[in-house]
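The next block holds one structure in the form of structure tokens; read it before the comments.
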Amino acid sequence: MAERRNDSIHIWLGESLGNCNTTAYQDWQQSFVRWASRKPVVATISKGGYLQGNVSGRLPSVGDQEPPGHEKVVLKKKITLLRGVSIIIGTVIGSGIFISPKGILQNTGSVGMSLVFWSACGVLSLFGALSYAELGTSIKKSGGHYTYILEVFGPLLAFVRVWVELLVIRPGATAVISLAFGRYILEPFFIQCEIPELAIKLVTAVGITVVMVLNSTSVSWSARIQIFLTFCKLTAILIIIVPGVIQLIKGQTHHFKDAFSGRDTNLMGLPLAFYYGMYAYAGWFYLNFITEEVDNPEKTIPLAICISMAIITVGYVLTNVAYFTTISAEELLQSSAVAVTFSERLLGKFSLAVPIFVALSCFGSMNGGVFAVSRLFYVASREGHLPEILSMIHVHKHTPLPAVIVLHPLTMIMLFSGDLYSLLNFLSFARWLFMGLAVAGLIYLRYKRPDMHRPFKVPLFIPALFSFTCLFMVVLSLYSDPFSTGVGFLITLTGVPAYYLFIVWDKKPKWFRRLSDRITRTLQIILEVVPEDSKEL
């Protein structure tokens with residue numbers, strides 16, 4: 001039976017691709033035949049209580065031994081400490097600190113209080129990052145929020161999380177940061193006039209495509225470029241900090257006099273200031289999206305998180321101090337691009353380089369975000385929550401090619417759609433809700449599974465404080481902006497019927513199953529991808 005099936009598969013492949021005798025094709029064909037000839041396995045239940053195996057359709061290869069010269073098709077552990085640090089820093093530091101770091105200032109009312117909030121948000125983000133370090137070293141699976149929610153709260157909440165992330169949040173967020181890239185890469189060419197919106201979107205589309213191709217082609221090159229872009233970001237911050245320190249040495253401190261005096265602070269503005277601050281630090285969780293590719297994760301993840309968050313927090317605070325040596329609080333609130341205003345006053349013609357650095361900073365955030373979030377989709381597919389093709393790996397490049405390129409059309413739709421920013425505002429609460437739930441899950445696991453191996457362990461007050469803050473932000477958004485939050489809540493709830501329709505309902509028509517299988521196999525041939533070979537996590 002197995003021999004006849006293999007023969008039919010070879011005939012089908014031959015009809016699809018012709019008689020191709022290249023070594024590359026033969027290697028891929030062997031991998032594909034092993035997958036198609038697999039033996040069925042019985043579904044198993046993990047400690048997290050969710051189905052694996054027959055739910056996703058991803059089954060192991062036949063036999064335990066690989067043919068001579070065959071290299072396992074897996075995502076390799078290529079993320080070292082330096083690359084981990086570059087992913088976190090390169091993703092967290094986007095355009096905000098250079099363009100409009102005024103959300104905190106306008107909601108605190110004074111220079112001194114704004115600097116306190118920048119520091120406090122850095123510490124609170126470090127608490128969240130340390131909590132994720134414990135989760136990432138205890139649950140050694142990629143996927144970040146999705147994986148931890150799946151492990152603790154089960155498949156429904158995890159599916160809703162990835163549903164909203166795939167359809168709205170990630171394409172929208174990528175489009176927003178990409179638009180900033182397109183605008184600032186063109187700014188030196190349009191000094192005396194307004195940049196055409198069409199030109200911005202076309203350049204943005206090119207930038208998005210380059211990022212997708214890069215992440216589809218090579219993990220190593222994507223990580224190397226991320227390291228380079230991270231150094232560019234840190235250089236840009238130093239270009240601001242160093243002149244600011246020189247200004248302080250010269251005695252330019254008049255903007256710091258009576259630093260805590262100013263307009264009356266609205267108590268409702270303080271939580272909003274925390275919201276802006278936490279948003280500026282968002283991105284520290286991306287290393288947990290790629291845990292399975294991190295070399296020695298038990299040491300690398302905590303170290304990378306601590307080093308990155310220390311650098312980012314110090315950099316953010318000193319950058320704001322540098323701004324206030326030259327720009328008053330009123331001028332900062334009125335400026336559309338604070339870094340440009342600052343550099344024009346102190347750096348002269350060198351200020352033309354600032355938009356280029358901002359564009360490179362945005363490109364680094366695009367690259368790091370796509371690199372990490374594609375692994376979220378890959379893991380969700382592996383667990384049976386997204387189409388099977390998204391859990392497959394390119395046989396030669398060893399990248400999750402389908403999980404990367406699925407973002408391209410979705411991001412393009414967002415890019416050329418209507419009010420992108422309002423849509424993201426609708427769903428901003430979902431980020432904090434699921435992040436708070438994931439960290440609360442750490443506390444739950446401490447009591448539910450006390451014997452769980454925990455190479456890195458944080459005091460309980462750290463996850464408790466962080467999860468409380470996240471959930472407090474959700475409650476605050478319901479009070480301060482009930483319409484936007486309500487719309488976002490309704491969009492998120494669409495994941496519930498989708499879960500029961502696509503995941504729970506297993507009596508789908510035969511024609512639908514045949515069509516789905518045919519599409520999957522056709523895409524495998526086009527993309528040269530196969531399911532990952534089994535490995536120990």
Side-chain angles (χ1 to χ4, degrees), residues 47-48 79 81 84-85 87-89 91-92 119-154 157-158 161 165 274-275 277-292 294 296-313 372-373 375-376 379 429-475:
K47 291 182 179 179
I79 305 303
L81 177 61
V85 169
I87 287 172
I88 297 174
I89 294 178
T91 309
V92 172
S119 304
C121 289
V123 173
L124 193 60
S125 296
L126 176 61
F127 282 3
L130 290 174
S131 301
Y132 264 53
E134 177 175 330
L135 288 168
T137 54
S138 303
I139 305 172
K140 297 185 183 69
K141 294 180 181 179
S142 298
H145 324 312
Y146 166 82
T147 297
Y148 308 142
I149 291 172
L150 180 62
E151 193 75 17
V152 177
F153 299 103
L157 274 178
R161 174 70 182 89
E165 183 77 24
F274 261 115
Y275 175 84
M278 295 298 289
Y279 183 82
Y281 284 98
W284 44 260
F285 42 77
Y286 279 126
L287 192 60
N288 292 67
F289 282 39
I290 56 172
T291 302
E292 295 169 32
V294 176
N296 193 9
E298 295 184 358
K299 292 184 179 179
T300 301
I301 291 177
L303 269 176
I305 284 173
C306 291
I307 292 170
S308 302
M309 293 310 297
I311 293 173
I312 292 167
T313 303
V373 175
R375 274 57 176 179
L376 167 62
V379 172
F429 88 101
R431 173 196 289 262
W432 301 112
L433 173 63
F434 287 109
M435 204 178 297
L437 288 175
V439 175
L442 182 155
I443 302 172
Y444 173 83
L445 289 174
R446 286 280 190 94
Y447 291 100
K448 192 70 175 179
R449 292 161 64 178
D451 298 328
M452 186 179 189
H453 179 57
R454 293 179 174 87
F456 181 81
K457 198 172 181 179
V458 296
L460 269 180
F461 82 89
I462 288 179
L465 178 61
F466 181 81
S467 59
F468 171 79
T469 304
C470 288
L471 297 176
F472 174 72
M473 287 182 179
V474 173
V475 174

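Every heavy atom of this structure was used, including side-chain atoms; hydrogens, water molecules and symmetry mates were not.
For the pair Phe289 and Ala372, the tightest heavy-atom approach, listed with the atom from each and the gap, is CB-O, 3.4 Å. What you find for Leu287 and Ile79 is that their closest heavy atoms are CD1-CG2, 4.1 Å. Ser125 and Tyr281 make their closest contact through OG-CB, 3.1 Å (heavy atoms, listed as atom of the first residue, atom of the second, distance).
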Hey, can you pull the donor-acceptor pairs under 3.5 Å for the side chains in residues 435-444, sequence neighbours left out?
none

List the atom pairs, donor and acceptor, that lie under 3.5 Å between side-chain atoms in residues 299-308 and the rest of the protein, sequence neighbours left out.
from, atom 1, to, atom 2, distance (Å)
Thr300, OG1, Asp295, O, 2.6
Thr300, OG1, Asn296, O, 3.0
Ser308, OG, Ala304, O, 2.6

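Residue Thr469 holds its OG1 atom at 4.5 Å from CG of Leu124, rounded to the nearest 0.5 Å.
Ile139 has its side chain within reach of Leu445: a pair of non-hydrogen atoms, C-beta onward, lies under 4.5 Å apart.
Take Phe434 and apply the ring pair (Phe, Tyr, Trp, His ring centres under 6.0 Å) test, not counting sequence neighbours, and it matches no residue. In this view, Ser142 and Thr291, Glu292, Val379 satisfy the side-chain contact (heavy atoms from CB on, under 4.5 Å) rule, not counting sequence neighbours. Pro459 pairs by the side-chain contact (heavy atoms from CB on, under 4.5 Å) definition with Phe461, Ile462, not counting sequence neighbours. In this structure, the salt bridge (charged side-chain N to carboxylate O under 4.0 Å, His left out) partners of Glu298, at least two apart in sequence or on a different chain, are Lys140. Looking at residues two or more places apart in sequence or on another chain, you find a ring pair (Phe, Tyr, Trp, His ring centres under 6.0 Å) between Tyr132 and His145, Tyr148, Trp284. Residues satisfying the side chain to side chain donor-acceptor pair (under 3.5 Å) criterion with Tyr286, sequence neighbours excluded, are Arg170.
Looking at Thr137, its side chain does come within 3.5 Å of a backbone N or O of Glu134 through a donor-acceptor pair. No donor-acceptor pair closer than 3.5 Å links the side chain of Arg449 to the backbone N or O of Tyr447.
Judged as a salt bridge (Lys or Arg N to Asp or Glu O under 4.0 Å), not a single pair has a partner in residues 461-475 (not counting sequence neighbours).
Look at Arg431 and Glu165 and you find no salt bridge, because none of the NZ, NE, NH1 or NH2 atoms lies under 4.0 Å from a carboxylate O.
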